[in-house]
Amino acid sequence: MSKLTLYEHNPNIEVVTGVCPHDCPDTCSWQVAVDRDSRRAVDIWGNADHPITGGRLCGKVDRYLERTYHPERLTTPLRRVGAKGSGQFEPVSWDEAMRTISARLKGIIAEYGAEAVLPYSYAGTMGFLQGEGMAARFFNRMGASRLARTICSEAGFEGYLYTIGATEGTATEDFAHARLILLWGTNTLTSNLHLWPFIQEARKRGARVIAIDPAQTRTARAADEWIPIRPGTDGALALAMMHVIIAENLHDADYVKKYTVGFDQLAGRVAAWTPERAAAITGIHAERIRDLAREYATTRPAAIRINYGLQRHYGGGMAVRTLTCLPALIGAWREQGGGIQLSTSGAFRHFDYSGLRRPDLLNGRTPRTINMNRLGDALSFDPARLAQAHYAPRPVDRKPAPADAGPPVKALIVYNCNPAAVAPDQSAVIDGLRREDLFTVVLEHFQTDTADYADLVLPATTQLEHWDMLRAYGHHFVSLNRPAIPPVGESLPNSEIFRRMAAAIGYNDRYFAEDDETILRDFVESQRHPVFATVTWDVLMAQGFARLNLPQPYLPFAQGNFPTPSGKCEFYSARMADDGYDPIPTYVAPKVDIGYWVLDGQTIPNPQYLIPNTQSLICISPPAHSFLNSSFANVERFQRREETPILQIHPEDAAARGIGAGDPVRVWNDLGEVRLTAQITAGIIPGTVLAPGIWWAKHSPDGRNINQITPQDETDMGASARFYDTRVFVAVAESESTTLEVALPLTAD
Ligand SMILES: Nc1nc2c(c(=O)[nH]1)N[C@H]1C(S)=C(S)[C@@H](COP(=O)(O)OP(=O)(O)OC[C@H]3O[C@@H](n4cnc5c(=O)[nH]c(N)nc54)[C@H](O)[C@@H]3O)O[C@H]1N2
Ligand SMILES: Nc1nc2c(c(=O)[nH]1)N[C@H]1C(S)=C(S)[C@@H](COP(=O)(O)OP(=O)(O)OC[C@H]3O[C@@H](n4cnc5c(=O)[nH]c(N)nc54)[C@H](O)[C@@H]3O)O[C@H]1N2
Ligand code: SF4
Ligand SMILES: [Mo]
């Protein structure tokens, strides 16, 4: 029974429909019960009418009111009074804050030009308006540096686009019809919960579920089988599966002939990818690879869910590009419940954002683009590092010479993001944030690690308090968020903060005068593509959500129609050749390899390495179940659930280092060091350790978190982050194990 029935006839309660703003594929529709007298929210629940939300929120957002009314919510603008990082602030008025911002930004722009101002944001909210809505107008008008928002998904995205043409694929609802489901580099029960009921429905009808993951996550435990894989080697597994499928003539020759290009080149390439060769890379038995390929090719419908876990490695783009050839090879796209899903965002690709974001306000200027993963480099005074921070996602793109890197970053405006905790190479980020001459403004709900380094902290409203609208990346609905309660304290929506900044600095364009509701309504009403015919303002206001105008079931590629240049699934991609990549699926190894793997308790050296480094380990840091990136990591309930920042380590790796359960351990590499608590578990592939993220650094025992050891370097495609392509040393914290820091070749190349 929906909670709605508890409240809908209560005269003291108003029920307001909204949508979860967080960076999660599920984009749940929610309902909030608000006490009419006090205007306080008293309850929140998942909308039972929404076909994907199904009346349920996840454990985090079910407690959204605890976050919203948290005693540590920021309620007034704050000015820094202590040293950067010390967290000492005093309240100031909004007017005073705006006067300071206007004076500082004008001074910086006059002296260095507008490119010296860098916006820094990600997906704290995925809302159109409170994300890159009014903010985009403001920074476009200014001509500030642009930010390449690459911290999460770009490698996989690009890889998928080369093969398929748009990030479209199997509809979430249709997983219920699959008979085989591969959960490949995704922790569904943690990061994509609302797919699970469809998987369970499929299982009731006899489907088998296999998780392919270095870790035995809660998803892998709930699956029928866990196939442990060495991090960053999924491309090799996919190539070997295709080897078996083609060698045993299990492919769908008719589908391949009609709807793909490059089969001969693909067949030529995978001929050399025997399961034995892939076994030596992935750590999966050759026989298991063979069986997996056969099972995949002969079970219909077969669905694959990949997420972003497998692409946070150097070769992540190519891995996704390669994997996405599988469904076309076996003709899985023909059937409801067949195919692959990385993201459903491509279904929304015809949205016209120009009215919302006003790129015309750039007035012909093309400011430089900084890669957000290289924030540490971007904030460096060294022009060579600043040049490195420029966005150059493909091999054919070039970074500028240091002399052409442009002005130093003198102002940083952070919103919807917590870079001091989430960005790679934390020491470099902190070095930059510590700069006395850097003017930093942070729009936030809480005094985060990043806010501690701000000159001004501006209190922002939460989703309960402002208007917004979202698309999803795990289904096909657009949702409207209506404010349920008045702003907490003096907080303001991001949109209003940027509006006020624009006014203070003297941008008088009428686009800065429009109110939030009008902006959203205009956005909806300005869409011309037929896929949005069902997404009207009236429906959104009445129901809170609207499904895209797509058929159901939605089988986008049952008859080809791939949105690639050839109109087919591209086993051979001419575009990749033009962009400087191998046009045929291949294996791109991770940059960091420890040179050996363990299979059935035996250590097997990787033949690429002259000297396997048996002292280091690969470190991955996927999301903790109860946090959402670094959001919720300051809420006591969720801290208690996660207990403490831990490091999962295999019993053999622990024994080799004299590490016992619960021991404090040092985890370090050439970039930095962090202290964690050892959790010994056979649920992780030997040679790999796992540190669930993302704890706030200041809540961690030594004031640092796992991004101490992650590199700023980019992936092969999309200039994404290589969060999981890291090598670390681990030792019990007390011991001074400097002897372990022997110089050994880090990579094979
Ligand atoms: N509860 C919760 N939900 C979230 C988030 C959160 O922080 N908490 N974050 C949200 C965001 S921003 C995102 S991008 C998504 C991320 O969602 P996912 O992509 O599902 O999350 P990841 O942890 O990046 O990766 C998932 C799994 O990939 C595994 N993995 C790591 N490397 C490899 C590899 O090389 N190969 C294979 N096969 N597996 C590998 C990890 O062990 C992990 O179990 O989740 C969203 N949902
Ligand atoms: N080591 C490691 N690092 C990672 C990852 C990993 O797997 N391992 N995952 C990476 C991934 S996938 C991602 S997506 C990034 C995510 O990194 P972020 O996008 O920084 O995500 P959050 O940590 O959730 O921080 C978002 C912040 O935005 C604030 N916020 C939310 N809503 C609003 C609003 O309406 N207005 C304002 N002003 N602020 C708001 C929240 O309070 C929160 O502090 O982290 C990356 N970092
Ligand atoms: S975080 Fe994801 S699962 Fe949780 S309520 Fe939001 S959209 Fe739904
Ligand atoms: Mo992400």
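Counting starts at 1 for both ligands and their atoms, in listed order. In this chain, numbering begins with 1 at the start of the sequence shown. Treat the numbers as computed from the prediction; the structure is a model and nothing was measured.
A cation-pi contact, defined as under 6.0 Å to the ring centre and within 45° of the axis, is absent between Arg137 and Phe498.
For ligand 2, the polar-atom distance check against Tyr724 finds a nitrogen or oxygen pair separated by under 3.5 Å. An N or O contact shorter than 3.5 Å is missing between Gln130 and ligand 2 by distance. Taking only nitrogen or oxygen atoms, main chain and side chain alike, Thr710 does not reach within less than 3.5 Å of ligand 2. Where the criterion is an N or O separation shorter than 3.5 Å, residue side chain and backbone included, Asn707 meets it with respect to ligand 2. Note: no N/O pair closer than 3.5 Å links Phe723 and ligand 2 by distance alone. Note: no N/O pair closer than 3.5 Å links Ile694 and ligand 2 by distance alone. Where the criterion is an N or O separation shorter than 3.5 Å, residue side chain and backbone included, Leu443 meets it with respect to ligand 2.
Every heavy atom of Gln426 sits 4.0 Å or more from the atoms of ligand 2. Distances from ligand 2 to the non-hydrogen atoms of Gly693 include no value under 4.0 Å. The closest approach between Gln463 and ligand 2 stays at or above 4.0 Å for every heavy atom of the residue. At least one heavy atom of Thr461 sits less than 4.0 Å from an atom of ligand 2. Distances shorter than 4.0 angstrom do not occur between any heavy atom of Gln311 and any atom of ligand 1. Remark: distances from the non-hydrogen atoms of Thr27 to ligand 3 include one below 4.0 Å. Residue contact check for ligand 1: His22 places no non-hydrogen atom closer than 4.0 Å to it. A heavy-atom separation below 4.0 Å is not found between Tyr308 and ligand 2.
Listed by atom number, the atoms of ligand 1 under 4.0 Å from Ala624 heavy atoms are 1 (N), 8 (N). Proximity to His466 (heavy-atom distance under 4.0 Å) selects the following atoms of ligand 2: 35 (O). Those atoms of ligand 2 that come under 4.0 Å of a heavy atom in Cys417, given as number and element, are 20 (O), 26 (C), 27 (C), 28 (O). Each of the atoms 1 (S) of ligand 3 lies under 4.0 Å from some heavy atom of Leu628. When each atom of ligand 2 is checked for a heavy atom of Leu628 under 4.0 Å away, the hits are 24 (O). For ligand 1, the atoms lying closer than 4.0 Å to a non-hydrogen atom of Phe627 are 1 (N), 2 (C), 6 (C), 7 (O), 8 (N). Heavy-atom contacts of Asn307 reach the following atoms of ligand 1: 17 (O), 18 (P), 19 (O), 20 (O) (cutoff under 4.0 Å). Within the listing of ligand 2, atoms 41 (C), 42 (O) sit less than 4.0 angstrom from a heavy atom of Arg67. Near Gly232, meaning under 4.0 Å from one of its heavy atoms, ligand 1 places the atoms 34 (C), 35 (O). Listed by atom number, the atoms of ligand 1 under 4.0 Å from Asp234 heavy atoms are 34 (C), 35 (O), 36 (N), 37 (C), 38 (N). The Thr217 neighbourhood of ligand 1 comprises atoms 44 (O), with distances under 4.0 Å to a heavy atom of that residue. Using a 4.0 Å cut-off to heavy atoms of Pro622, the atoms of ligand 1 that qualify are 23 (O), 41 (C), 42 (O), 43 (C). In the vicinity of His194, heavy-atom distances shorter than 4.0 Å reach the ligand 3 atoms 3 (S), 8 (Fe). Of all atoms in ligand 3, listed by their number and element, those nearer than 4.0 Å to a heavy atom of Val61 are 1 (S), 4 (Fe), 5 (S), 6 (Fe). Interface atoms of ligand 2 facing Asp23, defined by a heavy-atom separation under 4.0 Å, are 14 (S). Ligand 2 places these atoms under 4.0 Å from at least one heavy atom of Tyr122: 14 (S), 19 (O). Close approach of ligand 2 to Glu444 (heavy-atom distance below 4.0 Å) involves ligand atoms 27 (C), 28 (O), 29 (C), 38 (N), 41 (C), 42 (O), 43 (C), 44 (O). Interface atoms of ligand 2 facing Ile706, defined by a heavy-atom separation under 4.0 Å, are 1 (N). Within ligand 1, the atoms closer than 4.0 Å to a non-hydrogen atom of Arg312 are 14 (S), 16 (C), 24 (O), numbered from 1 in the order shown.
Considering every non-hydrogen atom in both Pro590 and Pro231, the closest pair reads CG-O, 3.9 Å.
The six-membered or imidazole ring of His50 lies away from that of His194, with a centre-to-centre distance of 6.0 Å or more. Aromatic ring centres of Phe638 and Phe632 lie closer together than 6.0 Å.
Ranked by closest heavy atom to atom 33 (C) of ligand 1, the top entry among Met126, His313, Arg230, Arg218 is His313. Of the candidates Ser191, Ser153, Ser630, Ser191 brings a heavy atom nearest to atom 18 (P) of ligand 1. For atom 9 (N) of ligand 1, the nearest non-hydrogen atom from the set Asn629, Asn187, Thr190 comes from Asn629. By heavy-atom distance, the residue among Val457, Thr462, Ile151 lying nearest atom 13 (C) of ligand 2 is Ile151.
Using modelled atom types, one side-chain atom of Asn371 and one backbone atom of Ala719 make a donor-acceptor pair closer than 3.5 Å. Side chain of His22 to backbone of Cys24: no donor-acceptor contact under 3.5 angstrom is found. A side-chain donor-acceptor contact under 3.5 Å links Asp468 to the backbone of Phe128.
Under the 4.0 Å criterion applied to side-chain N and carboxylate O atoms, Glu66 and Arg637 are assigned as salt-bridge partners. We find that Arg73 and Glu465 are joined by a salt bridge, their nearest charged nitrogen and carboxylate oxygen being less than 4.0 Å apart.
Neither the backbone nor the side chain of Thr219 comes within contact range of ligand 1; no heavy atom lies under 4.0 Å.
When the shell of 6.0 Å around CZ of Arg288 is examined, it contains more than 12 heavy atoms from other residues, nucleotides or ligands.
With hydrogens left out, the protein atom closest to atom 8 (N) of ligand 2 is Ser621 O, 3.0 Å, a heavy atom. Considering only non-hydrogen protein atoms, atom 45 (O) of ligand 2 sits nearest to Val422 CB, 3.5 Å. Given atom 30 (N) of ligand 2, the protein heavy atom at minimum distance is His445 CE1, 3.8 Å. The nearest protein atom to atom 43 (C) of ligand 1, hydrogens excluded, is given as Asp213 OD2, 3.3 Å; this is a heavy-atom distance.
Side chain to side chain, Asp23 and Tyr473 meet the donor-acceptor criterion of an N or O pair below 3.5 Å. With hydrogens and angles left out, the side-chain atoms of Thr125 and Asn416 include no donor and acceptor closer than 3.5 Å. In this model, a donor atom of one side chain and an acceptor atom of the other lie less than 3.5 Å apart for His699 and Gln639.
Among the atoms of Cys58, an N, O or S atom falls under 2.8 Å of atom 4 (Fe) of ligand 3.
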Worksheet item: When you look at Arg149 and Glu154, which way does the salt bridge (Lys or Arg N to Asp or Glu O under 4.0 Å) test go after all the steps?
Response: CA-CA 8 Å; Arg149 293 183 172 81; Glu154 291 303 298; over 6 Å; no
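Relative ring orientation between Phe348 and His476 is described as tilted, the plane-to-plane angle lying within the 30° to 60° band. Relative orientation of the Tyr64 and Trp30 rings is tilted, given thresholds of 30° and 60° on the angle between their planes.
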